Each structure stands twice: as structure tokens, then as C-alpha cells.
Amino acid sequence: MKIATFNINGINGRLPVLLKWLKEAKPDIVCLQELKAPEDRFPAAAIKKAGYNSIWHGQKAWNGVAILSKDEIKEVRRGIPGDSEDVQSRYIEAITFQKVIGCIYLPNGNPYPGPKFEYKRKWFKRLAAHAKKLMAMELPVMLVGDYNVMPTELDVYKPEKYLDNALFRKEIRTAYKNLLKQGWTDALRTLYPDEPIYTFWDYLRNAYGRDAGLRLDHFLLSPLIAETLKKGGVDKHVRGWEKASDHAPAWIEIK
DNA sequence: ATGGCCATGACACATGGA
């Protein structure tokens, strides 16, 4: 089966792109981020017509996450525990195809330093605590989405430019590395240990044309899923479509 | 050092993105 993640950057403005890609790629499960739509403006009917059940956590103007599935889908949580003040829609968790799927939209954190960066650090800390609990349950779990982290230099077209960027700051890379140490497998990097893989190209400066990309979207697999990993990739061509998101969809296949 | 691009909100530009 195929699982994908796609930072859609506006679910309504980009619905034609999403539907075209769903038809072409035929994923079984999809995690979406940056819906940029309030709860009541999620296009559930059009997505249902395309063959997917969905759950979502919307928010006016910003953020927003959703999970689509060809199977029944049961929401088990929205939001990462540990901060009752946090109102941003950045996490939704479900059970579908007898697996636990966490859909993640980690804060951007720029500019560094500052309150947004501190929010990112704290959010990451809460995610790690939640991930640890999931890991301890020894279930098939995937934590999938836009982590807003380039984990290594291989994941940035020009690393030296990004040293003080919140997406590449050493604190954040360390947080990612420590998360993996809980036992999670970074699926795409495991499949392609030595080559650059990008999932994002900025709208500015013809970044896509120059292949000035970043790898920001990740699949973290618990051991029970990691041992079934077959292949994966990025649908890079989708970034070249009319009205494209600045992210391309990424996907994996498991047994 | 700056600005280039894009979506949203409720209409003109401010804000966030990465």
C-alpha cells in the first residue's frame, strides 16, 4: 500500500491540483498540511467523490492538517499534548488500515532567534514526548508530514546559506536526530542513503528551475512498519504544474 | 543587504511562509 504526504498550501485554491494528483498517484493514505481553511471550508465532498474518506483540523487563514484514506478512518487525537494554550492546527492522528497515522505540520520557526523559534523548539519537544509514548505501544505507527527540518547537509541545495535558518539550526537538527533515536526510521533517507532528495522548492528566484530545493517532508516509521518498507519517492513533476504548491508530494510503499 | 512569489482575509495591503 502507498502512503503520501503533501503540503498543499491552501486546500481550496489548490483543489484541482490535489484531485489531479490523487487520480494519477492513487495513494491509499494521504497526509495534508497547510490547509489554510477554517473547519467548515474543507472540501470533504469533492475528496469523497475522488474516493477518499477524510478527517481534518482546520484553522482560519493558516496551518491546518488532514488525513485522507481509501479505508475507514477513525480520528484518535487532534493537537500534540502538553500545552493547553496552543491553538494552532498542526497535528491530527488517526487509525486507518489498522495503522496509527500521525499527520504533522511542525512550526516554521523563523526568524531565528525569537519567539517563533522558541515555539518551534517547544512544539518539537512535545512531539518527541508523544512519539515516545507511541513507540512504547509497539504498534504499527507512522509520523508523517512537513517537519520543517532539513535533517542533514544532504537535504539542502546550499547548506552554508541556511546555518541560521530555523529549518536548519543545529538545535532543530539535533531534536530531529534525537527523535529518530527513539527507534523511528526516516523512510526516504533509508531508501536513498547518499543522494539529495528535495520535497520543497521556493516560489522565489526560479528555485524549481534551478533545483534549489530542500527536504522538509518526512516519513518516520515505527519498527513494525519499517520492516515492511518497499520503496518511496517524490512526485517532483507536480511542483511544475500550473498553480502548484511550493512542496511536491512524497510517498512510500509498504507491504 | 534586499527583494523576488504566493495564499488568505474581507479589500487594501498586512501577515506568514521557508
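What you see is a predicted model, and the numbers here were worked out from it, not measured in a lab.
Salt-bridge check for A/Arg215 with A/Asp186: passed, with a basic side-chain N closer than 4.0 Å to an acidic carboxylate O. At a threshold of 4.0 Å, the pair A/Asp86-A/Lys122 does not count as salt-bridged, since none of the basic side-chain nitrogens sits closer than that to a carboxylate oxygen. The pair A/Asp211-A/Lys236 meets the salt-bridge criterion, with a side-chain N (NZ, NE, NH1 or NH2) lying under 4.0 Å from an Asp/Glu carboxylate O.
In this entry the distance linking CG of A/Asn165 with C1' of B/dG17 reads 11 Å, nearest Å. We find that NE2 of A/His247 is positioned 19 Å from P of B/dC5, with the value rounded to whole Å. Residue A/Tyr208 contributes atom OH, which lies 17 Å from atom C1' of B/dC6 at whole-angstrom precision. Rounded to whole Å, the distance from CD on A/Glu242 to P on B/dC5 is 16 Å. If you measure from atom CH2 of A/Trp62 to atom P of B/dT15, you get 9 Å, rounded to the nearest angstrom. Residue A/Ile8 contributes atom CD1, which lies 11 Å from atom P of B/dA7 at whole-angstrom precision. In this entry the distance linking CG of A/Asn12 with P of B/dG9 reads 9 Å, nearest Å. One atom, CG of A/Leu15, and another, C1' of B/dT8, lie 16 Å apart when rounded to the nearest Å.
At the heavy-atom level, A/Lys243 lies under 4.0 Å from the strands shown only through sugar-phosphate atoms. Using a 4.0 Å heavy-atom distance criterion, A/Lys116 is classed as a sugar-phosphate-only contact. When heavy atoms are screened at a 4.0 angstrom cut-off, A/Asn110 is found touching base atoms of the nucleic acid. Note on A/Tyr162: nothing from the nucleic acid sits closer than 4.0 angstrom, heavy atoms only.
Residue A/Leu204 has its side chain nearest to B/dG4 when only B/dG4, B/dG9, B/dT15 are considered. Checking B/dG9, B/dG4, B/dC6 against every side-chain atom of A/Tyr203, the shortest atom distance belongs to B/dC6. Distance from the side chain of A/Arg14 is smallest for B/dC6 among the nucleotides B/dC6, B/dC5, B/dG9. Relative to the side chain of A/Tyr105, the nucleotides B/dT8, B/dG9, B/dG17 differ in distance, and B/dG17 lies closest. Of the candidate nucleotides B/dT8, B/dG17, B/dG16, B/dT8 has the atom nearest to the side chain of A/Ala61. Nearest to the side-chain atoms of A/Arg205 among the listed nucleotides B/dA10, B/dG4, B/dT8 stands B/dG4.
In this structure, the ring of A/Tyr157 has its center less than 6.0 angstrom from the ring center of A/Tyr162.
A donor atom on one side chain and an acceptor atom on the other are found under 3.5 Å apart for A/Asn9 and A/Tyr203.
The phosphate of B/dG9 (OP1 or OP2) has no side-chain N or O of A/Lys36 nearer than 4.0 angstrom.
Formation of a donor-acceptor pair under 3.5 Å by the A/Asn53 side chain with backbone atoms of A/Asp71 is found in this model.
Comparing the same atom, P, in B/dA10 and in B/dC6 gives a spacing of 23 Å after rounding to whole Å. Rounded to whole Å, the separation between the C1' atoms of B/dG4 and B/dG17 comes to 14 Å. For the P atoms, the distance linking B/dG3 with B/dA12 amounts to 25 Å, nearest Å.
In this structure, B/dA1 forms no base pair with any nucleotide, since neither Watson-Crick nor G-U wobble geometry is met with both distances under 3.5 Å.
With the nearest nucleotide of DNA chain B identified for both A/Phe200 and A/Leu35, A/Leu35 has the one nearer the 5' end. For the pair A/Arg41 and A/Pro107, nearest-nucleotide mapping onto DNA chain B gives the more 5' position to A/Arg41.
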